[in-house]
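Presented below is the structure to which this report refers.
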Amino acid sequence: MHMENDERNIINEDEAINRAFNELLDTYLASQHRKKVELITKAFNFARQAHKGVRRHSGEPYIMHPLEVATIVCKEIGLGSTSICAALLHDVVEDTDYTVEDIRNLFGDKIAGIVDGLTKISGGVFGAHASEQAENFKKLLLTMSEDIRVILIKIADRLHNMRTLEFMPVNKQYKIAGETLYIYAPIAYRLGLSKIKTELENLSFRYEHPEEYAKIEKLIENTQRNREILYKEFTSPICSELDAMGLKYRIIGRVKSPYSIWNKMQKKHVAFEDIFDILAVRIIFTPREGKDENNECFNIYIALTKLYNAHPDRLRDWVNKPRTNGYKALHATFMSKRGEWIEVQIRSEKMNEVAEKGIAAHWKYKNAGESSGDDQLENWLHTIKEILDDPQPNALDFLDTIKLNLYATEIFVFTPKGDIKTMPQNCTALDLAYSIHTFLGNHCIGAKVNHHLVPLNHQLQSGDQVEIITSNAPRVDENWLSFVTTAKARAKILAALRRKQRLLIRDGEELLNKFLEQEGLSNYSNNIEKLWKLHNLKDKETLLAAIGEGSVVLGNEDKDALLGNKKFSFQSLFSFGKEKKKEEPTAEVFETVDRKSTLNLTDENIKNSYIIADCCHPIPGDDVLGYYDDNKHITIHKRNCPVANTLKSSHGDRILAAKWDTHKKLNFIVPIQIKGIDNLGVLNEITVIISQEFNASIQKLHLESSDGIFEGTFWVNVHDVDDVKNLCASLKKIDSIKTIARIG
């Protein structure tokens with residue numbers, strides 16, 4: 001009987017596999033690609049045999065994963081037989097005894113080359129250590145610049161892994177979701193895959209913040225009926241107008257994604273009810289015969305202005321000047337009859353396909369002899385190659401440098417000769433200088449914007465005419481890193497600073513050797529260590545550079561320290577005292593922690609084995625995770641903390657699942673920022689509510705007032721997130737208070 005059940009299960013699984021393959025073929029046959037069914041069937045049968053007997057975490061046969069990836073590649077990205085075959089074979093070399101040469105002999109150079117590229121970046125972009133992570137990421141970028149299909153298939157692979165993430169352990173979910181949000185969603189955006197980018201963001205959000213995700217989904221569902229009424233009232237007159245124009249069109253109501261809503265709530269410190277652009281309307285049309293699609297977008301816009309008032313500052317012309325990822329559309333915002341602003345996106349059918357399928361759709365239209373927008377992609381890939389030629393020694397700096405431009409929204413500026421340059425929003429004059437040429441950036445001392453002199457950090461606006469002013473000698477300064485916004489500028493500044501640092505270290509080493517020789521002291525590592533600790537510096541290189549530039553001058557104090565006549569400088573003694581104040585969790589307790597289970601942060605056995613991160617001040621009620629360092633110390637971060645996001649990406653294997661269960665036993669200090677009108681007695685009202693109504697103590701406060709407006713931060717003792725929410729709700733009732741938000 002047991003054997004019969006096993007046989008029945010095998011038959012059912014075979015049927016499911018065959019059904020999935022037939023669905024893939026049906027999707028492929030419905031596309032405009034050449035019909036290489038035999039090649040795809042050969043790749044499927046080869047992969048099926050290679051993965052035979054292997055199962056995923058979900059329990060299903062492994063072959064279902066490459067089948068799903070191939071379907072995404074075909075249906076959602078729009079690629080052809082070469083990419084479909086590579087997707088079916090993408091794990092064969094990594095997980096079986098077959099080699100790339102085997103794939104080459106059976107399927108040719110192109111498919112083998114893509115499979116080889118995918119194998120090099122297998123196992124996720126990020127390894128257990130930062131150096132591995134940087135190397136893997138460089139491989140990903142190199143394969144992207146060699147054959148863009150490698151990264152497109154990798155994105156499809158990641159999308160399917162995210163869709164099945166529920167079967168992974170919780171700490172692995174955080175790692176995979178973290179690196180997905182950190183790098184895969186931005187790359188999908190850069191390649192024009194807007195639907196996939198949105199789904200990757202939402203899936204990451206769902207696994208990192210399940211309660212918040214469920215809450216926002218419920219709020220969207222509860223307000224759906226009102227949106228339906230608003231949508232119908234708003235679009236009905238539009239349909240009549242478009243019908244009168246004789247256009248073939250369709251109108252779609254687009255609801256902002258849960259991640260996008262949550263992200264806006266976090267950044268602007270507003271409630272769900274205060275977000276007014278949850279609903280947007282998309283008009284997708286086929287141009288009338290003999291009409292240009294770009295002009296048709298504006299014809300539709302003009303027709304809409306007869307029905308509704310347009311917002312004067314919210315017209316976005318991505319038609320005549322597409323985004324760098326190829327996106328084309330006309331965005332306008334109109335006031336509905338209910339008094340609500342609604343964004344309308346106007347696109348042709350071709351523009352819509354490019355918006356959803358990105359670079360693959362570009363290729364399709366390029367083959368048809370139309371503009372593809374490939375130049376923008378080539379420019380971006382050229383920037384990537386430039387940065388790879390001079391990579392950052394620090395893995396996290398390298399990642400952040402690349403990531404800077406992935407999500408950039410574009411503006412357009414003019415050179416003195418009237419040429420247009422596409423730049424990221426919020427870029428500075430210095431960013432523009434580096435985008436033109438590295439020499440120009442390194443020698444930049446200012447700029448003229450619209451004929452007015454401005455500093456290097458001046459933020460450019462769309463339409464600005466910019467002239468870069470330079471000096472004869474390079475003027476690179478470390479402070480520049482605090483305001484540049486583009487990957488290229490940051491990479492080139494760091495490269496220049498490293499060159500400068502190397503020269504200073506060389507000069508410093510010469511001066512140090514001279515000093516030691518004069519004093520009759522040996523140049524061994526222990527002496528060097530004594531010196532950098534004496535001057536409260538972090539390492540030998542920092543000491544040598546400081547000596548080289550003259551900020552450290554070696555003298556009698558250094559000689560005494562090396563001879564043992566002086567134990568501490570006042571500065572190092574003070575630093576030593578500060579270090580001792582912060583209690584570190586013991587490594588011994590760490591050994592008892594089960595790194596696969598979820599840490600209960602109030603468990604008596606482990607509550608002394610972790611510290612609370614200063615960067616985000618997590619408290620009970622926050623979604624949190626743990627991170628353990630080289631010394632096996634555990635730090636607790638909020639899951640959406642920027643530092644935690646970097647750790648998830650760079651050290652994903654050190655992430656621990658964690659939760660609170662406090663029962664109002666513990667106190668935590670939380671900073672709360674308040675802004676408002678500086679009326680008489682407002683501070684007294686605030687302190688009365690905190691101390692008397694909530695019986696909470698204020699540990700510290702900082703207040704500033706200017707021109708009748710006050711801004712203050714209160715560090716308050718609370719038990720959990722509910723305390724903070726209730727306190728903020730009560731304080732918000734004070735008339736003088738206009739905004740209130742928890743920091744961190």
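For clarity, every value in this text was computed on a predicted model and none was experimentally measured. Starting from 1, each residue takes its place in the sequence as its number.
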Indicate yes or no for a side-chain donor-acceptor contact from [X] to the backbone of [Y] under 3.5 Å, with no hydrogens or angles considered.
| X | Y | answer |
| --- | --- | --- |
| D464 | V413 | no |
| S194 | A355 | yes |
| E467 | T415 | no |
| Y189 | Y184 | no |
| T438 | Y434 | no |
| S260 | K256 | no |

For this session: Could you tell me if the ring centre of F234 sits under 6.0 Å from that of Y308?
Result: yes

Exercise. Taking the side chain as C-beta and beyond, is there a heavy-atom pair between L118 and K154 under 4.5 Å?
Worked result: yes

Exercise. Would you call M162 and I176 a side-chain contact if the rule is heavy atoms closer than 4.5 Å?
Worked result: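 Contact flag for M162/I176 side chains = yes.
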
Exercise. Would one find more than 12 heavy atoms of other residues, nucleotides or ligands at under 6.0 Å from atom CG of N309?
Worked result: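 12 or below, so no.
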
Exercise. Just wondering, more than 12 heavy atoms not from E211 lying within 6.0 Å of its CD?
Worked result: no

Exercise. What is the ring orientation for H65 with H90, classed by angle as parallel under 30°, tilted 30 to 60°, or perpendicular over 60°?
Worked result: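 If you compare the ring of H65 with that of H90, the planes turn out perpendicular.
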
For this session: Kindly assign one of parallel, tilted or perpendicular to the pair F205 and H209, based on the angle between their ring planes and the thresholds 30° and 60°.
Result: tilted

Problem set entry | R206 bridged to E217 by N-O distance under 4.0 Å |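 Answer for the salt bridge query: no.
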
Problem set entry | Cationic N near anionic O, under 4.0 Å, K350 to E353 |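 No, K350 and E353 are not salt-bridged.
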
Exercise. What's the verdict on salt bridge (Lys or Arg N to Asp or Glu O under 4.0 Å) for R250 and E349, showing C-alpha distance, side-chain angles and the deciding distance?
Worked result: CA-CA 10 Å; R250 52 197 174 102; E349 288 286 355; 2.9 Å; yes

Exercise. Looking at residues at least two apart in the chain, or sitting in another chain, which of them share a salt bridge (Lys or Arg N to Asp or Glu O under 4.0 Å) with E199?
Worked result: R163

Exercise. Just checking, any donor-acceptor pair under 3.5 angstrom between side chains of N640 and D623?
Worked result: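 The criterion, which ignores hydrogens and geometry beyond distance, is not satisfied for D623 and N640.
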
For this session: Begin with the C-alpha distance, continue with both residues' side-chain angles, and end with the deciding distance and a verdict on side-chain contact (heavy atoms from CB on, under 4.5 Å) for I229 and Y231.
Result: CA-CA 5 Å; I229 296 168; Y231 171 79; over 6 Å; no

